[in-house]
Protein chains: 2
Amino acid sequence: MPNIDLSPRELQILSALIDCYIKNAEPVGSRRLATKYKLGVSPATIRNTLQDLEEMGLVYQPHTSAGRIPTEVSYRIYVDNMMQIRPLTKKEKAQIARELTSGNKAIDQILEQSCRVLSEVSMQLGVSMAPRFTEGILTHLDLVPVGENRLLVVAAVKSGLVRSVVMEVDSVVNPKLIQETAVILNERLSGLTLGQIMETIHDRFRDVSYGDPKLIKLFTESAENIFMPQDDKDLHLMGTPNITSQPEFRDPQKLQELISLIEERQKIVSSLNAAAINEGVVVTIGKEANLGMLDGCSMVTSTYKAGKTTGTIGVIGPTRMEYSKLMSIVDYTSKVLSRILSKE
Amino acid sequence: MPNIDLSPRELQILSALIDCYIKNAEPVGSRRLATKYKLGVSPATIRNTLQDLEEMGLVYQPHTSAGRIPTEVSYRIYVDNMMQIRPLTKKEKAQIARELTSGNKAIDQILEQSCRVLSEVSMQLGVSMAPRFTEGILTHLDLVPVGENRLLVVAAVKSGLVRSVVMEVDSVVNPKLIQETAVILNERLSGLTLGQIMETIHDRFRDVSYGDPKLIKLFTESAENIFMPQDDKDLHLMGTPNITSQPEFRDPQKLQELISLIEERQKIVSSLNAAAINEGVVVTIGKEANLGMLDGCSMVTSTYKAGKTTGTIGVIGPTRMEYSKLMSIVDYTSKVLSRILSKE
DNA sequence: AATTGGCACTCAGGCAATCAGAGTGCTAAG
DNA sequence: CTTAGCACTCTGATTGCCTGAGTGCCAATT
């Protein structure tokens, strides 16, 4: 991104324009800028500046004789350099904290709650993703026989996250042998991160002389199945009805795309993961988010901590969103969430 | 519902009208009926009959000088008495069977697959619901310590379904005591259905003299939490993009309602449960479905068997749907599903 | 008595014309 | 460099008109 040098006036006008557009979702004209914002110059002057901004690719007109709309480039500049974050009111903070702490304590439900709160206070699409399971340190592994030829593999990681997966075994296995196998699995695997386990598991059980070799083989072969992140369960999406009240979704076409996006959870997971490389609040604007068809959308995300592992929460909405407010919301929510999940 | 006696001609015309409307989603006029269907009478005659049908509340006009549209009442009559089920082609059967048997064997994923297949072949919203957990007979209960002060409660029922729920314990519990407790829980509870357990659990552990009383108390208190059906996990919904291609969802209003419905999973679960009282394929038309705002929608559902327990699958779509085809699809899918889930 | 052709009537949807409003770019003057 | 003024452009709302589809009813026909 070419870091464009803007004169103070250009900056001022661009800022006002973005602000105005975010509020009204309508192309902004020179006259309106002149009257609503104390710029101290006449519409004509503003027009000249607007022309300059247009040449720089910072604004555009949907058609001649319409006002200007900011481009993604200028949203970027706005977020990085111009905007000042709007702190939350006490009331908003209270609402978030309350809704997050009330109710069940299971991590899964807390995450669902966060997602709902985010959507409600932001009127956007709320998203939350469980802590990256692969980063978790295995504390306990167990094999629980369920039914005739099924084993439930239970894996617990330090952050308190638990996953269980049913594994099919062809023949009935002796319970004692299962027990033994579980012991050896624990011995060799606990203390490692799940990611490490996935990478090295095949080597670690070359020399099996204890437990049931068949079972161990089955286990190593299905390790991926067990430890891989599962989009469907790890990702929460809520508040579709909220986001559809945004004017950009008047267009049925856009609405369709949104609906499609919501079912392509994998895509959302990827985008969130991409954003989660950085710590803290991250703003991903338009095409940066790589949400396929549905560009024109941005994400405001943040990581949170659950023990040693980190997860991601955030909101997705039209590029024209109140970044200043949303950043506060997401930031605060992630902090509360970290606190809740680490306290236990 | 007043069982209305219709003359052969009225029947013939109503049938043709419904057929035509299902195909084209447009009000059907007398002329079109006369030319497209071999009714052997002139448009004028048809008009007279249509007027009669209108008086009986079987058809209506969206406005004067428009053709007729069938009412929910007449869909009911159509489905119950007039329609003949359209058998599936070999190709369709093959597709369903293939997509259902390929891939992972875990029940959860099979259900998700069914849901997807249903949506794809029907171009409606596919739904599937896990077997009613409360009907399942408990075969095995286990308490697995995970982390410092957490226990994973694992409950397996005969159908192969497994559920695990994390339970918080305030103090660290001796592993041996946990083991003992698990044993006594198993002794007293296995063989019962989960429903029975929920109802009687408080009585069953009045006289605890074995295991950890504290733990047992905690368990009995959170039993509901453990055994209750969980909408979010037990219900699958897929193919929203498919259903939105139906012409009824051109109307953004309707689309909005659909979106809202999809997030109100509880409502869908209730409707499905209501339909699942009957065995086999059930057609629920319009307001019968009680889907709130979104009337104008019907469901075609069927139960399937997984061992002793039954679950529900089906499709949801606009009332104007091809019942004759959808009933075959849902019927066949549920049979295949039953076979898969019972074979194991 | 049922069926049919004819006819007047209604309504939605498409099309063109018109108009007001918002906004622009340019030019010339301050 | 800024601004007022002006001609120009484009959208969106409104209006009127017309066509096509469809009805309801009546009188003629079988």
Side-chain angles (χ1 to χ4, degrees), chain A residues 6-14 16-21 23-71 247-248 250-252, chain B residues 5-14 16-21 23-71 247-248 250-253:
Chain A
L6 296 177
S7 71
R9 166 172 300 155
E10 286 167 340
L11 252 128
Q12 197 189 15
I13 289 180
L14 182 57
L17 182 134
I18 293 177
D19 192 72
C20 188
Y21 184 68
K23 288 213 179 82
N24 308 302
E26 278 167 13
V28 184
S30 56
R31 219 187 101 80
R32 196 186 278 168
L33 281 177
T35 57
K36 302 260 170 178
Y37 295 79
K38 295 165 192 164
L39 299 173
V41 289
S42 76
T45 312
I46 297 177
R47 280 204 285 282
N48 292 330
T49 309
L50 286 177
Q51 260 178 299
D52 298 342
L53 291 174
E54 184 149 12
E55 267 172 34
M56 288 185 265
L58 296 177
V59 298
Y60 72 96
Q61 299 177 272
H63 57 84
T64 3
S65 96
R68 257 75 172 202
I69 295 176
T71 62
E248 1 280 295
R250 297 276 168 69
D251 177 8
Chain B
D5 270 339
L6 295 176
S7 71
R9 168 172 299 156
E10 286 167 340
L11 239 91
Q12 195 189 16
I13 288 181
L14 182 57
L17 183 133
I18 294 177
D19 192 71
C20 189
Y21 183 68
K23 287 213 178 84
N24 307 304
E26 277 168 12
V28 185
S30 56
R31 219 186 101 78
R32 200 190 270 168
L33 281 177
T35 56
K36 302 261 171 176
Y37 296 79
K38 293 165 194 165
L39 300 172
V41 288
S42 78
T45 312
I46 296 176
R47 280 205 285 281
N48 292 329
T49 309
L50 287 177
Q51 260 179 296
D52 298 343
L53 291 174
E54 183 149 13
E55 267 172 35
M56 288 186 265
L58 296 177
V59 298
Y60 72 96
Q61 299 177 272
H63 58 86
T64 5
S65 97
R68 258 74 172 201
I69 295 176
T71 63
E248 2 280 293
R250 296 276 168 69
D251 177 8
Q253 169 79 30

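All values below were derived from every heavy atom in this structure, side-chain atoms included, with hydrogens, water molecules and symmetry-related copies excluded. The sequence lines fix the lettering, A, B, ..., with proteins before strands; numbering per chain opens at 1.
Closest of all the heavy-atom pairs between A/P62 and A/G67 is CD-O, 3.5 Å.
Atoms CD1 (A/I69) and P (C/dT24) sit 12 Å apart, rounded to a whole Å. The NZ-P distance, from A/K36 to C/dG23, rounds to 11 Å in whole Å. Going from atom NE2 of A/H63 over to atom P of D/dT11 covers 5 Å, rounded to whole Å. Put simply, CD1 on A/I46 is 18 Å from P on C/dC26, counting in whole angstrom units. Per the geometry, CD belonging to A/E26 stands 15 Å off P belonging to D/dT11, to the nearest Å. In this structure, A/L33 places its CG atom 9 Å from P of C/dG23, rounding to the nearest Å.
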Show me, pair by pair, the donor-acceptor contacts under 3.5 angstrom made by side chains of residues 35-48 of chain A, not counting sequence neighbours?
from, atom 1, to, atom 2, distance (Å)
A/T35, OG1, A/R31, O, 3.3
A/T35, OG1, A/R32, O, 3.2
A/Y37, OH, A/D19, OD2, 2.9
A/Y37, OH, A/C20, N, 3.4
A/S42, OG, A/A44, N, 3.3
A/S42, OG, A/T45, N, 3.4
A/S42, OG, A/T45, OG1, 3.2
A/R47, NH1, A/S30, OG, 3.2

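Note that the CG atom of B/L50 and the CD atom of B/E10 stand 10.0 Å from one another [nearest 0.5 Å].
The closest side-chain heavy-atom distance from B/L17 to B/L53 is not below 4.5 Å.
Within the structure, every pair that satisfies the side chain to side chain donor-acceptor pair (under 3.5 Å) test and touches residues 52-62 of chain A, not counting sequence neighbours, is listed here: A/E54-A/R68.
Under a 3.5 Å cut-off, the side chain of B/D251 and the backbone N or O of B/Q253 do form a donor-acceptor pair.
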- Task: Treat primed atoms plus P, OP1 and OP2 as sugar-phosphate and everything else as base, then score nucleotides 12-30 of chain D 5' to 3': B for base contact with protein heavy atoms under 4.0 Å, S for sugar-phosphate contact only, - for none.
- Result: ---------BBBBS-----
